[in-house]
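In this text, all values refer to a predicted model and were calculated from it rather than measured experimentally.
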Amino acid sequence: MKKTMITVLLAGGLAVSPTIIPFANTDVQAVSKVEAKELGESTQKQLQNDIAQFYKDLQGFPTYSSSHAGGVSAISERAFAVAINPETVPILGAARFGKGRVVAAGLSEYFDFTNTDSTKTAVSSNILKWVTEKDHRLPVHSTYEDALNGKGEITMVTNREITISPDLPIELKHVDNFLSIHLNPLKHQVVYVNNFHQPLSDEEVQTLLKYVKQGGAVIFGEKGWVMEGYPKEWMANENSKPNLSDYGIQKFLNEVGLSLTNITATTKTATLPPLSYEKVQNYYVPSLIDKAKAIENGALDVNTLDIGPEGATPTKKKEIIAQIVSGTISGLVEGHPLQQKVLSDINRLNVTWPFIKSDYPYSSALLAFQVNKASLDPNGEKSPYADHFPGPVPQDAALINNKEIQVDFDYEDLSHLRMGYPPGNWISTGLYAPAGGMITIDVPEGTEDLYVQVGSHTDVLTGKPSWSRMPVVALQQKLEPGTNQIKSPYGGLVYLIPKKAKANTKANVNISGGVASPTFVKGKTSNEEWHNYIKNNPAPWGELVGEHVIFTLPKEMLLTIKDPSALMEQWDTITASYNTFVGISREMPVPHRSPDRPHRYVADVQISAGYMHAGYPIMIPIDPAASHVVDPELALVRGWGFWHEMGHEYQQNPWKWGDITEVSVNIYTLFIQEKFTEVQRLLQKSPDGKSHYDRAFEFIANPSSSKKFTDLDGMDQLVFFKQLQLAYGWDFYTKLHLAYRELDSSTLPTTDQQKKDMLLYMTSKIAGNNLVSFYQKWGWSITEEGIQKVNALNLPEPEAAVETLREYE
């Protein structure tokens, strides 16, 4: 039998002699025993019936572009995957627990009760039918199947704001929390849990577990990768190093046999293929771990497993196994039996870069778990991987002591802008903490809610199939009044972060132990100072600081800049144009006052999602995007990605939803491109000789009443938004942003359908024309109520048909 040899590293990176990891003796016989248990006839028949219920009247499970569903794993014998992206991981799972049932999805769109989209309605209907199915162990109770057949209705209890169509037999009962109601499965057939801004308390978790054991049903849908990556949006408490296991909903799901993962499972609109019993069983995580061990040891041929897309290569199959196993065990709550199963197998691995997880589908999962739990050594000793990334600091670099940084707590709440990602408030210090080196931070007495962050690279990569750096390298820690001593195993640029705004409050903080970083501040640093000494500061990373934007880049890129003043003037001008476009400035009152702090771009050797992604900071790849930042000409020629991601920052949430998130964002991109270049992106032709306009006009000419706007490719859909600009000018979108900011919060739409109807209303009102026909020709799904609201404005039809407008070369 082939044995796997792995080098073990002690703390601090000291290598010892190779050893055989504990799972080396896993063999085919052990896996076969698991298979035999899985293939019990009654279990097989029950599961086949379950799968059939979930796929009734569906060709497959839908995914939605831009929604980026999260992963969901089955981790107990009574749990199973319901929908699987063959390219990645499961996105929806179900479980029996006690007398009740639970369904969890990595996307809230699977629980759409508006009855406006036939596919979404079929999905949610099948889910409700399954969770409320009759059980011989329970007294006669209402089921959704009966309710749809005219026999009463079911009651859904929820702590979230949702819309339910009056055509559906569902009575909605809203509660602030699940302790305020005595949940009774016979009276309350389904509980729909919201986790956004209202994390479940431990008491609520126990209440829901008791309810399900007695026969109740719980449904839940959110993206685990967002919950872990953007904890400020999701958790009431301040958590400097969040994990999915910190959430009450994960504690609940783990107990019933399901687990959210931090993996981005889908990225496009598609129909996932129906599942066979055999395929479902191959995604059951406890047995998949045993299979991964056997594959790694040469005892099991991965080609024998039905996993991944049709025709998947052995490498692809192992990559998927590694993703599922690592994503699952890294998010389990402390003490879970499955977590305990892998703890005894953990050894520190000596990796080379890039580390290809699929080569070691189980060992890579162990490393992912180890990194997620303990990569930032509490003792701060230098990681053996720090010199690889973010990079070494010269041993003779001078340490700077008592550098005073003023922290202004009087920063604005930017919620009035209704932006997708308003700028955060990292305060750059111009210092870099060497890996494993002690930095001392003296905080004045009376200063509260101040944090330090070491490292700019906050993307967590544990769910990625391969790693170009360690998955967690940034450290964030709360500072207390007095002297604080901090060590980071990886080092990085030092930031101070005031977590709570306080009027008229400033604090002077002194930092010692860091080295100087190459930092250019527009208006303060001259080109001469930059070239004479600042660019040669010893830190491996530095920053270009402008009025509206900051770039964090590796030193080797910064050294290539010839005229940093002109470069940052160009980037500031581009970024300020977004403010102009959406109608905000510092001189205007709320809600039209522009941000009081800059946006950030951070370059990284590997990022968590996409080629670039929005957020704070916006993340870009070092290769090649960092070179585009520092070259004024390349910045314009290769600028689409930069402008696109900045567009996401400015997208207004009341008219942003999954289907068009990646489409409407390019309104901003087109505006910047037209303002600063001669490029006309929508006129570009594909190999068939057709432009985006050509395909759009073919779609518009199609008289079918069943066509859908979302049937088109994203860039073809963009013609719709460009036509509005061609008809009414760029000022049309400025007015639209102004109007949405001025809406009373109580009138803001919450569901996708409400957002569609409101966008029709708002665009018609601003255009001064009834645009119903225009939307219909483009295949938009608008309700009759939405149409009547626009008709009530008594607006004329457009003088020229908007759907006929186009650009010309």
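The two residues E228 and N262 make their nearest non-hydrogen contact at OE2-ND2, 2.9 Å. The two residues A74 and L258 come nearest to each other via the heavy atoms CA-CD2, 4.3 Å. Residues P185 and Y211 come closest through the heavy atom pair CG-O, 3.7 Å. Nearest approach of N303 to P314, heavy atoms of both residues: OD1-CG, 3.3 Å. Minimum heavy-atom separation, L92 to A105: CD1-CB, 3.6 Å. Taking all atoms of both residues into account, the shortest heavy-atom contact from S124 to F113 is CB-CE2, 3.7 Å.
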task: Show your reasoning for whether salt bridge (Lys or Arg N to Asp or Glu O under 4.0 Å) applies to K316 and E319.
output: CA-CA 5 Å; K316 179 64 175 178; E319 178 182 296; 3.6 Å; yes
- request: Quick one: do T266 and N85 satisfy side chain to side chain donor-acceptor pair (under 3.5 Å)? Show the steps, please.
  value: CA-CA 7 Å; T266 63; N85 181 359; 5.7 Å; no
task: Starting from the C-alpha separation in whole Å, work towards a yes-or-no answer on ring-ring contact (aromatic ring centres under 6.0 Å, His included) for F61 and Y55.
output: CA-CA 8 Å; F61 251 77; Y55 283 88; 5.3 Å; yes
field: F720/Y775 under ring-ring contact (aromatic ring centres under 6.0 Å, His included): CA gap, chis, key distance, verdict
entry: CA-CA 9 Å; F720 169 90; Y775 276 72; 5.1 Å; yes
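The environment of Q48 atom CD is dense: over 12 non-hydrogen atoms of other residues, nucleotides or ligands sit within 6.0 angstrom.
Side-chain contact, N115 with T121: a donor N or O sits under 3.5 Å from an acceptor N or O. Side-chain contact, E133 with T143: no donor N or O sits under 3.5 Å from an acceptor N or O. Inspection of the Q46 and D50 side chains reveals no N or O donor paired with an N or O acceptor under 3.5 Å. Donor-acceptor pairing under 3.5 Å is recorded for the side chains of E784 and Q788. Under the 3.5 Å distance criterion, with hydrogens and angles disregarded, a donor-acceptor pair is assigned to the side chains of Q754 and T163. Between E662 and H648, the side chains place a donor N or O and an acceptor N or O closer than 3.5 Å (distance only, hydrogens not considered). Defined by atom type and a distance below 3.5 Å, a donor-acceptor pair is missing between the side-chain atoms of N702 and S704.
A cation-pi arrangement is present between K656 and Y421, with the terminal nitrogen or guanidinium carbon under 6.0 Å from the aromatic centre and inside a 45° cone about the axis. Remark: K756 fails to qualify as a cation-pi partner of F709 under the 6.0 Å distance and 45° angle criteria applied to the six-membered ring.
A side chain to side chain contact (heavy atoms under 4.5 Å, CB included) with L128 holds for exactly one of I170, V103, L168, V123; it is I170.
Relative ring orientation between F80 and W130 is described as perpendicular, the plane-to-plane angle rising above 60° on a 0-90° scale split at 30° and 60°.
Within the 4.5 Å cutoff, the side chain of E204 has heavy atoms near those of the L179 side chain. Contact annotation: the side chain of I320 approaches that of P309 to within less than 4.5 Å [non-hydrogen atoms, C-beta and beyond].
N282 places no side-chain N or O within donor-acceptor distance of the main-chain N or O of L305, the cut-off being under 3.5 Å. A donor-acceptor contact shorter than 3.5 Å links the side chain of Q651 to the backbone of T661. Distance alone, capped at 3.5 Å, is enough to place a donor-acceptor pair between the T132 side chain and the Y144 backbone.
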